[in-house]
Amino acid sequence: LDSRRSPARLALIAPPALYLFVFLAIPMGLMGLLSFRPALRGGIANFDWTPTLEHYRATFAEGGYTRLLWLSVGVALVVALITTALAYPVAYFLAFRAGRRAPLLLTLLIIPFWTSYLLRLIAWKIILGTNGAINSFFLWTGVIEEPVGLLLYSRTAVVVTLVYVWLPFVALPIYASLLRIDRSVLEAASDLGARPWQRLLRVTLPLSAPGVFAAYLMVFIPTVGEYVSPLLVGGSKGSLYGNIIEIFFGDGINWPRGSAMAMIMLAGVMALVLLIARLVNVRRIVEEP
Amino acid sequence: VTRGLLRWYYLLLLLLLYLPLGMLLLFSINEGTSLSFPLRGVTFDWYRSMFDNGQLLGAVGNSALVASGAATAATILGTCASLAITRFDFRGKGVFLLAALLPLVVPFIILGVSLLILFSALGVSRSLWTVAAGHTVVALPFAMLVMMARLVGFPRSVEEAARDLGASYFYTLRRVIVPMVAPAMLAAWLVAFTVSVDEFVIASFTVGRDPTLPVYIFGQLRFANRFPQVVALSTLTMLVSIGLVVLAERLRRSGPGEAKAA
């Protein structure tokens, strides 16, 4: 690293640091401030109010939104679990069995992730709809006589859609962690008499754990705040915690309450992020092999 | 045996990933207006009528504008940040890196509402500018991932030689570093552009009267008869996005320092 203390260092750090301060740190600070405010009366720049914990209390109160918060956490846990489990064999295939074609096969896998997120949700609306692909197929084959209306507008639809949305992305960190495994360790395991499944469970899997863990959290954290897919495929019964926040900042205008709810989610997310930062070396995930 | 099994599993998953996208393609050339089976007949009317829809074309233009701005800002800021992180030691480096990468994991709804609060606190009326400002925050970590991966594999001896020969850091930056990482910067720009073009959540909170494309599409979901047109447009943008990402991937792998990437 360049030990010469040059003005260059400051000139390089200042612009991004300043930008992040203004457009990331300050907004979140303002949101925190707002969450302690009784009401929005007098505009945001008004500081003539006494702080209150009322909005936090109301969120956690009986009949509050705790149930939805846990439901969102539950959905995110399940979505992250399914995606990680589905992606692991693919990452394993790409890292150990795909040979020279691995980069191409990986790119093919990632491409759907780069297509419009809204669009992929809409595609699932078509597939799961009453006259959608699944219903039409089973009607045609005669398995069912009436279209099943339950496919769309349910929490299951939300889970299926989110798994689809995240799947291509999750394979990346797992693949990267598998590539970093020293091949000679695997050979040693085999030479010492480990059966393939023993080698997988006791050598490969533990060594790729940081990547799996990172992949899991990279899906889990953003999914906790998900509100678009419940809107499109979840129906009235599929609402999640994020939908309530959106409502408080939209039609049911109550910014302080919405801020408090967002702060609760942010606190959970930050705790997890700091945990990841401790457990896995962030820079090793960043630097792709 | 496992190899064959794994290959089939990969192919099956790939099929499941592309099937919904194929479904969209199918409905963009279907005559009927409802997005349901049975299919009616082949038509390219939706693609044709798209170009008569002024609102839709306006939204495409808005998105292109926002994404160009956000991608340019994110690439410049991201290059600065990546150079600082890979080339210098400074206090708070870990915090800085964490803050810059934070938007990758924080739910976008939090970023969206907090930016909404910021802009109303500042009395800034929402417009394409506010969307671009928000998109820069989320595109920055993507640009940084591309740049940092590249800078790590970049032969430092060349820039050290320039410094030893008496070039100032900025001269070295301008004449040595930037020309060498230019392909990576272009790749970072394309990735950032793609991120911004697709982004809906932050845009929906920070957008003014002029909609970006995803905001427009979301608004159209209520009107069933305009839906096929939206699907047709989305299919086109999907193909463009895929093209951009493939291009970015090629750029990322080209140029000096490739030995690391290979």
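Labels below follow one simple rule: chain letters A, B, ... track the order of the sequence lines, proteins then strands, and each chain is numbered from 1.
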Sort B/A100 into side chain, backbone, both or neither according to what part of it lies under 4.5 angstrom from a heavy atom of chain A. both
I'd like to verify something: which residue of B/V195, B/V201, B/V230 has the highest number of heavy-atom pairs under 4.5 Å with chain A? B/V201
Side chains of A/L24 and B/L111: closer than 4.5 Å at any heavy-atom pair? yes
Using the rule given for side-chain contact (heavy atoms from CB on, under 4.5 Å), can you reason through A/V228 versus A/E226, listing the C-alpha separation, both sets of side-chain angles and the distance that settles it, and then say yes or no? CA-CA 6 Å; A/V228 185; A/E226 178 66 33; 3.8 Å; yes
Using a cut-off of under 4.5 Å on heavy-atom pairs, state which of A/A87, A/A14, A/G225 scores highest against chain B. A/G225
Contact part of A/V90 toward chain B, heavy-atom cut-off under 4.5 Å: side chain, backbone, both or neither? both
Per-residue tally against chain A (heavy atom, under 4.5 Å) across B/V197, B/L244, B/T136 peaks at B/T136
Choice from B/L13, B/L122, B/I110 maximising heavy atom contacts with chain A below 4.5 Å: B/I110
Under 4.5 Å from any heavy atom of chain B, what part of A/L272 do you find: side chain, backbone, both or neither? neither
Using 30° and 60° as the class boundaries, would you call the ring planes of A/F220 and A/Y216 parallel, tilted or perpendicular? parallel
Would you mind telling me which of B/L21, B/L83, B/T194 has the largest number of heavy-atom pairs within less than 4.5 Å of chain A? B/L21
Go through B/A73, B/G78, B/C80 and name the one with the most non-hydrogen pairs under 4.5 angstrom from chain A. B/C80
Which portion of A/E246 sits near chain B, non-hydrogen atoms under 4.5 angstrom: both
Could you look at B/V191 and say if it's the side chain, the backbone, both or neither that has a heavy atom under 4.5 Å from chain A? both
Hey, is OH on B/Y171 packed in by over 12 heavy atoms from elsewhere, all under 6.0 Å? no
Working note: A/F96 + A/T204, criterion side-chain contact (heavy atoms from CB on, under 4.5 Å); need CA distance, chi angles, decisive distance, verdict. CA-CA 11 Å; A/F96 294 123; A/T204 316; 3.9 Å; yes
Which of these, B/T79, B/L104, B/L97, B/L151, sits in a side-chain contact (heavy atoms from CB on, under 4.5 Å) with B/M144? B/L97
For the interface with chain A, which of B/F205, B/Y9, B/F96 has the highest count of heavy-atom pairs at distances below 4.5 Å? B/Y9
As an exercise: rank A/P15, A/A262, A/P89 by heavy-atom pairs under 4.5 Å with chain B and give me the winner. A/P89
Taking the side chain as every heavy atom from C-beta outward, state whether B/L17 and A/I111 have any pair of such atoms under 4.5 Å apart. no
Around A/F21, counting heavy atoms of other residues, nucleotides and ligands shown, do more than 12 lie under 6.0 Å from its CZ? no
At a 4.5 Å cut-off on heavy atoms, which part of A/Y164 comes close to chain B: side chain, backbone, both, or neither? both
Would you mind checking which part of B/L102 comes under 4.5 Å of any heavy atom in chain A, side chain (CB onward), backbone (N, CA, C, O), both or neither? side chain
Under 3.5 Å: donor-acceptor pair, side chain of B/D198, backbone of A/Y117: no
A/M263 versus chain B, the contacting section by heavy-atom distance below 4.5 Å: neither
Step by step, would you call B/W129 with B/V124 a side-chain contact (heavy atoms from CB on, under 4.5 Å)? CA-CA 10 Å; B/W129 285 100; B/V124 177; over 6 Å; no
Relative to chain B, which segment of A/L121 carries a heavy atom at a distance below 4.5 Å: side chain, backbone, both, or neither? neither
Quick check on A/L34 against chain B: is it the side chain, the backbone, both or neither that has a heavy atom closer than 4.5 Å? side chain
Could you give the distance from CD1 (A/I244) to CZ (A/F249), rounded to the nearest 0.5 Å? 13.0 Å
For residues A/M28 and A/L266, report the shortest heavy-atom separation together with the two atoms involved. SD-CD2, 3.9 Å
Identify which part of B/L14 has an atom lying under 4.5 Å from any heavy atom of chain A, answering side chain, backbone, both or neither. side chain
What part of B/F90 is in contact with chain A, defined as an atom under 4.5 angstrom from a non-hydrogen atom: side chain, backbone, both or neither? both
For the residue pair B/R126 and B/L116, establish whether any side-chain heavy-atom pair is separated by less than 4.5 Å. yes
If you tally heavy-atom pairs under 4.5 Å against chain B, which of A/L167, A/I26, A/L231 wins? A/L167
Quick one: of A/L105, A/I245, A/L20, who has the most non-hydrogen atom pairs under 4.5 Å with chain B? A/L105
Between A/Y227 and B/S204, do the side chains contain a donor N or O and an acceptor N or O under 3.5 Å apart? yes
When the 4.5 angstrom heavy-atom criterion is applied to B/L140 and chain A, the contacting part is side chain
Counting heavy-atom pairs closer than 4.5 Å to chain B, which one of A/A123, A/A171, A/A11, A/S259 comes out on top? A/A123
Please state whether the side chain, the backbone, both or neither of A/L108 comes within less than 4.5 Å of a heavy atom of chain B. both
Would you say the rings of A/F248 and A/W255 are close, in the sense that their centroids are separated by under 6.0 Å? no
